[in-house]
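Data block below; observations after.
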Amino acid sequence: VMIGEVVGGAKENKDVPTSGVMFTKEAEAHAQGIIRIDATYGHNEAVVAGLAPVDTYFVGKSDIVHPVVRVKYQRMVSMPDAATGKNKLEFMKNDRELERSACLKLKTVHHLAHAGRAIEQYYSAPMDIEFVVTEQRDIALVQARPIVAQKLNPSYVREEVATKLNAKETGETIGVG
């Protein structure tokens with residue numbers, strides 16, 4: 001069963017699915033109890049591979065949602081390839097309404113966060129969960145796996161590089177650790 005947009009792209013905005021990835025532990029900021037949801041219109045490969053702008057939703061323990069909505073000029077869709085007879089992923093332009101609208105409704109964000117917490121509790125581990133929200137607004141969880149990320153220091157300078165620098169090169173202090 002194929003979940004997502006029809007081959008060749010949906011003809012109407014109401015038929016364009018949303019796909020994304022949810023992290024039940026927001027790893028970048030080391031924020032406890034924050035779920036991060038990244039989503040965009042079209043095929044999930046655009047989200048997973050970082051090929052297109054995504055809307056980001058931060059959901060706290062009390063279910064307060066902090067959305068960051070980005071302009072999404074295009075989405076990834078499955079298109080027929082005449083040369084191979086198979087389908088391939090290509091970008092398709094979004095119309096102006098989709099470009100500037102949030103791709104998830106607040107109610108959907110809450111449902112996703114609730115499902116993410118339940119999955120995290122079941123597996124006793126922070127989870128990375130891929131999903132598709134269909135044109136009927138059904139949520140399909142298509143993959144879930146434990147988050148495997150090394151602990152990072154809160155800095156853009158790698159620790160092994162920072163320790164080689166002296167105060168004259170960097171100023172009085174350096175933000176590592």
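What you are looking at is a predicted structure, and each value in this text was computed from that prediction instead of being measured. Side-chain atoms are counted along with the backbone in the values below, which use heavy atoms only and exclude waters and symmetry mates.
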* Please assess Arg70 against Thr56 for the test side chain to side chain contact (heavy atoms under 4.5 Å, CB included), listing each intermediate value before the final yes or no. => CA-CA 8 Å; Arg70 295 178 176 87; Thr56 301; 3.1 Å; yes

* Asked: Are the side chain of Asn94 and the backbone N or O of Lys72 linked by a donor-acceptor pair below 3.5 Å?
  ->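 Judged by distance alone, yes, a pair lies under 3.5 Å.
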
Side chains of residues 102-111: which donor-acceptor pairs under 3.5 Å do they make with residues two or more places apart or in other chains?
unit_1	atom_1	unit_2	atom_2	d
His110	ND1	Leu106	O	3.3
His110	NE2	Asp63	O	2.8

* Charged N-O contact under 4.0 Å between Asp38 and Arg36 -> yes

* Lys25 bridged to Glu120 by N-O distance under 4.0 Å ->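 Salt bridge: no.
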
What I'd like to find out is whether the side chain of [X] reaches to under 4.5 Å of the side chain of [Y], using heavy atoms alone.
{"X": "Val133", "Y": "Asp138", "value": "no"}
{"X": "His114", "Y": "Ile35", "value": "no"}
{"X": "Val142", "Y": "Phe131", "value": "no"}
{"X": "Leu51", "Y": "Phe91", "value": "yes"}

* Any residue meeting side-chain hydrogen bond (donor to acceptor under 3.5 Å, both in side chains) with Thr40, in chain and number order, not counting sequence neighbours ->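 Listed in chain order: nothing, the list is empty.
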
* To do: Group every Ile, Leu, Val, Met, Phe, Trp and Tyr by side-chain heavy-atom contacts under 4.5 Å, then state whether Val54 and Phe58 land in the same group.
  =>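 In one cluster with Val54: Phe58, no.
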
* Judged by modelled atom types alone, do Thr24 and Tyr123 share a side-chain donor-acceptor pair under 3.5 Å? -> no

